[in-house]
Amino acid sequence: MKYKNVLIKFSGEAFGDKGKPVNKRQVKLIASEIKELVKAKVKVAIVCGGGNVSRWKDVKKGDRVEVDLKGMKGGLKNVIPLEKALKEMKVKVQVFTSFSLNTKYPKFNYSKVTKALKENKVVIFVSGTGHPFFTHDTAACLRALETNAEVLIKATKVDGIYSADPTLNKRAKRIKSISYKSIIAKELKIIDSVAVALAQENKLPIRIIKWQEGNLIKLIKGKNLGSIIK
Ligand code: UDP
């Protein structure tokens with residue numbers, strides 16, 4: 001296996017389909033893909049976004065802090081069914097929140113997280129960094145560093161970074177590898193620049209891949225999917 005210890009970031013949208021923000025079939029697909037990784041003896045930590053519930057960039061009005069809190073709490077709508085699906089598949093899982101959310105889940109605790117990973121549990125982080133004005137990309141980078149992941153995998157709607165918008169420009173080419181510096185300079189929207197800066201400072205590679213059945217396991221086995229930021 002190319003990677004033994006990963007952090008996967010799923011955008012909130014990965015959980016939705018057919019007009020539903022959270023679609024049971026999508027949740028099951030994500031859970032079965034994670035199960036495959038666990039079977040392959042990969043230590044898996046996950047950050048689930050909440051952009052399918054609320055996202056500041058889509059709202060851009062009202063009280064920013066309130067909107068951001070809604071976006072962070074929104075992740076629970078994805079995590080609760082994901083935890084259930086994993087348990088039904090007999091995958092050991094432990095969820096941690098970033099701030100008190102009035103749920104059964106404990107708050108982030110470094111030694112408990114490390115212990116859970118050592119016990120080969122899938123660890124899911126919900127509610128972002130716990131602070132407004134950030135994003136789940138930044139939370140994912142932070143958690144990847146805290147869990148000593150070899151790579152941050154952003155599983156998203158597009159299959160990598162392109163030289164131009166591929167939906168508008170047929171000549172747009174996929175960039176297989178790009179430096180932290182150029183992604184920040186180009187202001188590409190594929191990933192939050194705060195997350196990239198944090199990754200750069202700590203030499204954490206970020207892999208952008210399309211979320212679709214089979215891609216995570218292909219990547220773990222060494223297929224050069226998507227784009228890498230390093
Ligand atoms: N958010 C926040 N702090 C965080 C993470 C997220 O305030 O640490 C809020 C912010 O409003 C953001 C929303 O939650 O717009 C949804 O997060 P994001 O857009 O990163 O979600 P994703 O694309 O991962 O589903």
Side-chain angles (χ1 to χ4, degrees), residues 7-17 19-31 34-35 38 43-147 149 152 154-155 192 194-195 198:
L7 187 132
I8 307 162
K9 191 259 169 167
F10 289 103
S11 298
E13 276 78 12
F15 294 85
D17 196 21
K20 285 192 179 174
V22 185
N23 175 296
K24 271 190 187 167
R25 193 173 163 270
Q26 281 303 317
V27 175
K28 276 200 176 160
L29 281 180
I30 294 176
I34 293 163
K35 185 176 176 169
V38 174
K43 288 200 191 295
V44 184
I46 298 169
V47 164
C48 289
N52 52 335
V53 179
S54 174
R55 178 179 286 124
W56 171 250
K57 273 193 210 149
D58 301 338
V59 178
K60 276 214 170 145
K61 62 171 195 262
D63 183 331
R64 164 107 198 225
V65 176
E66 290 294 346
V67 175
D68 282 348
L69 279 173
K70 207 170 157 197
M72 285 187 275
K73 287 181 192 164
L76 276 175
K77 291 218 162 72
N78 305 320
V79 164
I80 294 169
L82 179 61
E83 183 203 26
K84 187 167 174 260
L86 284 167
K87 283 189 170 164
E88 279 167 8
M89 292 175 190
K90 309 267 178 273
V91 176
K92 291 187 282 175
V93 51
Q94 171 81 64
V95 179
F96 291 93
T97 67
S98 295
F99 61 102
S100 293
L101 279 179
N102 217 1
T103 60
K104 59 178 177 171
Y105 304 128
K107 255 175 70 178
F108 179 92
N109 172 295
Y110 180 64
S111 55
K112 284 186 185 157
V113 168
T114 310
K115 184 169 174 271
L117 284 166
K118 270 198 187 133
E119 289 167 353
N120 295 319
K121 287 182 182 163
V122 170
V123 169
I124 304 180
F125 300 112
V126 67
S127 63
T129 60
H131 298 281
F133 302 97
F134 287 100
T135 63
H136 285 95
D137 283 349
T138 303
C141 186
L142 183 65
R143 297 307 185 212
L145 294 168
E146 285 168 312
T147 54
L152 159 58
K154 176 165 172 164
D192 179 14
V194 177
L198 185 58

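Small disclaimer: the values here were computed from a predicted structure and weren't measured. Numbers for residues simply follow the sequence, beginning at 1.
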S.K.: Is any side-chain heavy atom of Leu86 closer than 4.5 Å to a side-chain heavy atom of Ile124?
M.R.: yes
S.K.: With sequence neighbours excluded, tell me which residues meet ring pair (Phe, Tyr, Trp, His ring centres under 6.0 Å) with Tyr105.
M.R.: none
S.K.: The criterion is side chain to side chain donor-acceptor pair (under 3.5 Å); which residues satisfy it with Lys35, sequence neighbours excluded?
M.R.: none
S.K.: Does some side-chain heavy atom of Ser54 sit less than 4.5 Å from a side-chain heavy atom of Val67?
M.R.: yes
S.K.: Among residues two or more places apart or on two chains, list those pairs meeting side-chain hydrogen bond (donor to acceptor under 3.5 Å, both in side chains) that have a residue in residues 71-81.
M.R.: Asn52-Asn78
S.K.: Applying salt bridge (Lys or Arg N to Asp or Glu O under 4.0 Å) as the test, list every pair that has at least one member in residues 113-138; sequence neighbours left out.
M.R.: Lys9-Asp137, Lys115-Glu119, Glu119-Lys121, Asp137-Lys154
S.K.: For Thr138, which residues count as a side chain to side chain donor-acceptor pair (under 3.5 Å) partner, sequence neighbours excluded?
M.R.: Thr135, Asp192
S.K.: Got a sec, which residues hit salt bridge (charged side-chain N to carboxylate O under 4.0 Å, His left out) with Lys84, two or more places apart in sequence or on another chain?
M.R.: Glu88
S.K.: Could I get the full list of salt bridge (charged side-chain N to carboxylate O under 4.0 Å, His left out) partners for Glu146, not counting sequence neighbours?
M.R.: Arg143
S.K.: Listed by chain and number, what are the side chain to side chain donor-acceptor pair (under 3.5 Å) partners of Asn109, not counting sequence neighbours?
M.R.: Ser111
S.K.: How far apart are the closest heavy atoms of Ala149 and Leu7, and which atoms are they?
M.R.: CB-N, 3.7 Å
S.K.: Minimum heavy-atom separation for Phe99 and Ser127, please, with both atom names.
M.R.: CE2-CB, 3.6 Å
S.K.: Taking only residues two or more places apart in sequence or in another chain, which ones pass side chain to side chain donor-acceptor pair (under 3.5 Å) with Lys104?
M.R.: Glu83
S.K.: Work out which heavy atom in Ala85 is nearest to a heavy atom in Ala31; give both atom names and the distance.
M.R.: CB-CB, 3.8 Å
S.K.: Checking Asp63 now: which residues fulfil salt bridge (charged side-chain N to carboxylate O under 4.0 Å, His left out) with it, not counting sequence neighbours?
M.R.: none
S.K.: Quick one: list whatever passes ring pair (Phe, Tyr, Trp, His ring centres under 6.0 Å) with Phe10, sequence neighbours left out.
M.R.: Trp211
S.K.: Does anything in residues 110-142 pair up under ring pair (Phe, Tyr, Trp, His ring centres under 6.0 Å), and if so which pairs, sequence neighbours excluded?
M.R.: Phe108-Phe125
S.K.: Looking only at non-hydrogen atoms, find the nearest pair between Pro132 and Val65 and report the distance.
M.R.: CG-CG1, 4.0 Å
